[in-house]
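Okay, structure first, notes after.
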Amino acid sequence: MAVSRDEVARIASLARLELGEADVDRMTEEMNAVLSYVEQLNEVDTGGVSPHSFLEGKSTPLQPDTVKDFDNLDEALAGAPKAEGTFFIVPRVIE
Amino acid sequence: MSEILSSSAAALAGKLSAGELSARELCQKFLAALEADGHNCLIGVRGEEALAEAEAVDAARARGDKLPATAGLPLVIKDNIVLRGKLPTTCGSKILHNFASPYDAHVVERLRQAGMIVLGKTNMDEFAMGSSNENSAFGPVKGPVAQDRVPGGSSGGSATAVALNLAPLALGSDTGGSIRQPAAFCGVVGLKPTYGRVSRYGLVAYGSSLDQIGPLARTVEDTALLLGVIAGHDGRDSTSADEPVPDFSAGLGKGVKGLKVGLPKEYFPDELDKNVRARVNEQVEKLKAGGAKIVEVSLPHTKYAIAAYYIVATAEASANLARYDGVRYGHRSSKAGDLLEMYRNSRSEGFGPEVQRRIMLGTYVLSSGYYDAYYLKAQKVRTLITRDFTEALGQVDVLLTPTTPTPAFRLGELMDDPVSMYLQDIFTVTINLAGVPAVSVPAGAVDGLPVGAQVIGRHFDEQTVLRVAASLEGDE
């Protein structure tokens with residue numbers, strides 16, 4: 001299953017990456033090299049095999065659904081590229 | 001002075017508690033060594049903060065407070081483990097170059113409770129993606145044995161710092177071999193604990209079903225010591241296991257008499273480097289001489305591990321790395337006319353080529369129409385790989401393998417060939433897929449380049465793994 005140049009451009013858009021023309025060419029080549037390597041998984045008979053290797057005999061732990069405040073808002077906001085009060089500022093979304 | 005720097009952590013702990021050495025003096029010596037080093041193993045150094053913490057330990061000791069045995073011991077930690085303060089946690093990435101964490105990772109809290117002093121954050125492959133430490137935005141780490149050789153990755157800075165006596169101990173993280181492979185290349189001990197043994201709270205996520213934090217040291221005893229500090233349940237990581245934490249050093253020195261050691265035949269293929277095979281065979285002879293029973297076992301799905309791993313790991317990475325969007329922290333592009341442009345430019349400017357490649361692969365294998373063919377298939381193969389281990393470890397106490405197929409390769413040698421680079425991890429990724437613990441222990445050298453032997457154990461049986469590793473170390 002080879003991936004096309006157009007497909008790579010579409011995946012880049014889904015992944016929110018900005019790839020130039022040359023980047024798309026290089027990425028198409030590299031992704032195809034890896035994808036052709038992983039083709040060998042098709043040799044394995046996985047009929048009736050569970051995809052959840054970790055869940056055999058285990059359950060998901062639960063904890064009480066209570067609100068815990070994070071006590072260091074100032075430092076968390078100090079790292080923001082742009083913040084005002086307790087808000088993160090981003091480019092205008094609705095014109 | 002050099003005698004102090006080359007001492008084991010256990011020996012230093014003895015000197016500290018006997019009052020023969022102050023924590024401040026010890027930290028100063030290591031800080032000076034770190035500052036003078038030219039291997040690029042650190043991304044950030046904690047000078048004043050570390051010394052202030054050391055002074056607090058000394059003051060507590062002078063007052064006669066009861067202190068943990070580890071109080072005052074310095075170490076370095078990989079730069080994907082968050083530590084509150086001004087020093088950024090960069091993850092080896094431009095996108096986090098200015099990220100100062102507002103909280104401590106669980107392991108950092110544990111280190112603080114143990115009175116241990118973090119001297120600095122070690123260099124690494126960006127977001128722990130790499131096997132050579134060449135993918136760091138802060139430049140590659142030069143190997144400790146030969147400067148033109150890679151130290152391995154992704155915990156290359158941690159392994160190099162320990163190998164060069166720049167720190168007695170280090171923390172790394174291991175998603176597909178990132179502690180064990182650099183430990184092997186640098187000639188030190190490195191352990192990946194059982195999945196769930198150590199909380200991942202505060203570890204920057206790469207492949208969440210594979211990631212584990214673990215210790216690197218120059219001796220097995222020190223490795224056990226540091227594992228004891230960081231192991232244990234933490235409710236903030238839902239995959240943290242509520243299992244009792246034993247004394248990991250309890251089995252050290254007990255030898256291997258009566259233990260059954262399996263040699264998985266798939267890990268000794270005909271094409272294995274003959275010198276690596278010879279070094280590992282010498283370890284097998286040691287175990288035999290020590291009274292262990294050696295049996296051949298089979299892990300039949302081994303050849304599919306790299307393929308399954310690169311699907312599972314990249315899929316998880318693509319989801320985990322979606323959070324780096326330039327909104328709340330980290331790099332934001334100056335080309336941010338609208339929201340979408342901001343996301344795309346921030347991410348493309350901030351992530352290096354290998355990270356972008358893995359995000360792309362992961363997004364592709366999870367995308368509509370391909371999920372069943374790639375991701376679901378890989379997860380099923382993973383189940384078969386896990387069953388291989390359950391079966392083999394039902395017959396024997398531990399498995400012994402080479403850690404890597406070759407000794408350290410040259411800087412630049414595999415950079416243009418992702419598949420060959422990925423194949424470096426052939427003997428280590430299986431362990432992450434199965435979630436079992438494994439340690440790499442030095443097994444001599446080939447042409448001066450260290451070789452590692454890997455001891456693999458049952459889930460939560462780090463004790464036996466370390467016991468066997470201890471019987472392999474020393475007396476070459």
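So you know, we letter chains A, B, ... as the sequences are listed, proteins then strands, and number each from 1. Excluded from the calculations below are hydrogen atoms, water molecules and symmetry mates; all remaining heavy atoms, backbone and side chain alike, are included.
Contact count against chain B (heavy-atom pairs under 4.5 Å) is highest for A:Thr46 among A:Leu73, A:Thr46, A:Leu14. Ranked by heavy-atom pairs shorter than 4.5 Å toward chain B, the options A:Glu7, A:Arg10, A:Glu75 are led by A:Glu75. Between chain B and the options A:Asp74, A:Val34, A:Asp23, A:Asn42, the largest number of non-hydrogen pairs under 4.5 Å is found for A:Val34. With chain A as partner, the option from B:Thr363, B:Val365, B:Leu340 having the largest number of non-hydrogen pairs under 4.5 angstrom is B:Thr363. Ranked by heavy-atom pairs under 4.5 Å with chain B, the list A:Glu43, A:Arg92, A:Arg26 is led by A:Glu43. The greatest number of non-hydrogen atom pairs below 4.5 Å with chain A, out of B:Thr386, B:Ile359, B:Leu433, B:Leu384, is found for B:Leu384. In terms of non-hydrogen atom pairs under 4.5 Å with chain A, the most contact-rich of B:Glu341, B:Met360, B:Arg347 is B:Met360. With respect to chain A, the highest number of heavy-atom pairs below 4.5 Å among B:Thr239, B:Asn98, B:Ile306 belongs to B:Ile306.
Of the two parts of B:Leu339, the backbone and the side chain both hold a non-hydrogen atom closer than 4.5 Å to a non-hydrogen atom of chain A. Using a 4.5 Å cut-off between heavy atoms, B:Ser240 does not touch chain A at all. Using a 4.5 Å cut-off between heavy atoms, B:Ala322 does not touch chain A at all. The contact between A:Val93 and chain B is made entirely by side chain atoms (from C-beta outward), counting heavy-atom distances below 4.5 Å. Using a 4.5 Å cut-off between heavy atoms, B:Leu423 contacts chain A through its side chain alone, with no backbone atom that close. Contacts of A:Leu77 with chain B are absent, with no heavy-atom separation under 4.5 Å from either backbone or side chain.
Rounded to the nearest 0.5 angstrom, A:Leu19 CG and B:Ser348 OG are separated by 5.5 Å. Rounded to the nearest 0.5 Å, atoms CD (A:Glu30) and CD (B:Glu354) are 8.0 Å apart. Here the CZ-CE distance, from B:Arg357 to A:Met27, works out to 7.5 Å after rounding to the nearest 0.5 Å. Rounding to the nearest 0.5 Å places CG of A:Leu41 at 13.5 Å from CZ of B:Arg382. In this structure, CD on B:Gln356 lies 5.0 Å from CG on A:Leu17, to the nearest 0.5 angstrom.
In this structure, A:Arg16 contributes its side chain and B:Arg344 its backbone to no donor-acceptor pair below 3.5 Å. A donor-acceptor distance shorter than 3.5 angstrom exists from the side chain of B:Thr383 to the backbone of A:Ser50, with no hydrogens or angles considered.
Residue pairs meeting the ring pair (Phe, Tyr, Trp, His ring centres under 6.0 Å) criterion with at least one partner in residues 334-363 of chain B, sequence neighbours excluded, are B:Phe127-B:Phe351.
More than 12 heavy atoms of other residues, nucleotides or ligands lie within 6.0 Å of CD in B:Glu243, so this atom counts as buried by the packing criterion.
Between A:Gln40 and B:Tyr304 the shortest heavy-atom distance is O-CE2, 3.4 Å.
A:Leu35 places a side-chain heavy atom less than 4.5 Å from the side chain of B:Leu361.
Below 4.5 Å, heavy atoms of chain A meet no heavy atom from residues 312-320 of chain B. Within residues 325-337 of chain B, the residues having any heavy atom less than 4.5 Å from a heavy atom of chain A are, in residue-number order, B:Gly326, B:Val327, B:Arg328, B:Tyr329, B:Gly330, B:Arg332, B:Ala336, B:Gly337. Of all residues in residues 62-72 of chain A, those placing a non-hydrogen atom less than 4.5 angstrom from a non-hydrogen atom of chain B are A:Gln63, A:Phe70, A:Asn72.
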